[in-house]
Amino acid sequence: MRTECGECHFCKDMKKFGGPGRMKQSCLLRQCTAPVLPHTAVCFACGEAGKEDTVESEEEKFSLSLMECTICNEIIHPSCLKMGKSEGIINDEIPNCWECPKCHKEGKTSKDQGDGLGKRRMDNGEVSRWKLTDDPPPSKKKSLSLDDTTRQDGAKRKKEKDLPQESASKKKASRAEQSTAVFSFFSFLISWT
DNA sequence: ACGAACGTCAGT
DNA sequence: ACTGACGTTCGT
Ligand SMILES: [Zn+2]
Ligand SMILES: [Zn+2]
Ligand SMILES: [Zn+2]
């Protein structure tokens, strides 16, 4: 809720402070201390969303909420984990965040990430990233189709000033735009080597 | 491994 | 539609 400092790296990028506005990050003084899961998050086991608001007992709210593990990054309803005894370690600083019982069963104590990627904020004050997209736990590799449909969100590269070539769905680049794209492509080839 | 870039989400 | 900003990808 703090006001933007106007002087940090990200503020200086903002158009409102005269920057190009490409980074699109919040002011360093305004970083969220309690990030929540996206609304699109679903349970790794049952594929459904969180249902904490369908019940009023605090105990049931927990078992029907979605919890994300800081170690394996799986998001799951605690109630969808049918494990005998083991309890997870709940991080009360960050909503819907824990170290799941599965991970704590094996040696996976805190600082070994199953896949390296996907970090969040550790208990100290240092920032990290976290990921919520699944990754098949220990075996398969996720096909990673290079082509299309399974596009994660996120970003590809653009360039520096914007290459306006788009496929057939939306704008249908004008021929002038196409030729600039071709020109840019040749410029790129020339600058190679 | 780090940081810039950017698509996309979420709120208005 | 517009805005802020998150999470992923890519260049280095
Ligand atoms: Zn700032
Ligand atoms: Zn579930
Ligand atoms: Zn886990």
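Given the structure is predicted, the values throughout are model-derived calculations rather than measurements. Residue numbers begin at 1 in each chain, while the letters A, B, ... track the order of the sequences.
Tracing side-chain contacts under 4.5 Å through hydrophobic residues (I, L, V, M, F, W, Y), one reaches A:L81 starting from A:I90; they form part of the same cluster. Clustering ILVMFWY residues whenever any of their side-chain heavy atoms sit less than 4.5 angstrom apart, transitively, puts A:F62 in the very cluster that holds A:I76.
Distance CG (A:L37) to C1' (C:dG7): 13 Å, rounded to an integer number of Å. Here C:dG4 presents its P atom at 16 Å from CD of A:Q31, a figure rounded to the nearest Å. The nearest whole Å value for the distance from the NE2 atom in A:H9 to the C1' atom in B:dA5 is 11 Å. Distance, A:E4 CD to C:dG4 P: 7 Å, rounded to whole Å. Rounded to an integer number of Å, the gap from CE of A:M14 to P of B:dA4 is 14 Å. Computed from coordinates, the A:N96 CG to C:dC6 P distance equals 17 Å when rounded to whole Å. Note: NZ (A:K24) to C1' (B:dA4) measures 12 Å, nearest angstrom. Rounded to an integer number of Å, the gap from CE of A:M23 to P of B:dC2 is 17 Å.
Which of B:dA10, B:dC6, C:dG4 sits closest to the side chain of A:K16 comes down to C:dG4. Looking at the side chain of A:H39, the nearest of the listed nucleotides B:dG7, B:dA5, B:dG11 is B:dG11. Listed candidates were C:dC6, B:dA4, C:dG4. Nearest to the side chain of A:S26 is C:dC6. Minimum atom distance to the side chain of A:R22 is reached by B:dC6, of the listed C:dG4, B:dA10, B:dC6. Closest approach to the A:Q25 side chain among C:dA5, B:dA5, C:dG7 is made by C:dG7 (side chain taken as heavy atoms from C-beta onward).
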**Item:** Secondary-structure notation, DNA chain C, from Watson-Crick and G-U pairs under 3.5 angstrom (| other strand)
**Value:** ||||||||||||
Taking only distance into account, with no hydrogens and no angle test, what donor-acceptor pairs under 3.5 Å do side-chain atoms of residues 43-56 of chain A form with protein atoms, sequence neighbours excluded?
from: A:E48; atom 1: OE1; to: A:K51; atom 2: NZ; distance (Å): 2.6
from: A:T54; atom 1: OG1; to: A:K51; atom 2: O; distance (Å): 2.8

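Checking side-chain atoms of A:D13 against main-chain N and O of A:G19 turns up no donor-acceptor pair under 3.5 Å.
Residues A:E4 and A:F10 have side chains not in contact (no heavy-atom distance under 4.5 Å, counting atoms from C-beta outward). A heavy-atom distance below 4.5 Å is not found between the side chains of A:M67 and A:I75.
Atoms NZ and CE, from A:K16 and A:M14 in turn, are 6.0 Å apart once rounded to the nearest 0.5 Å.
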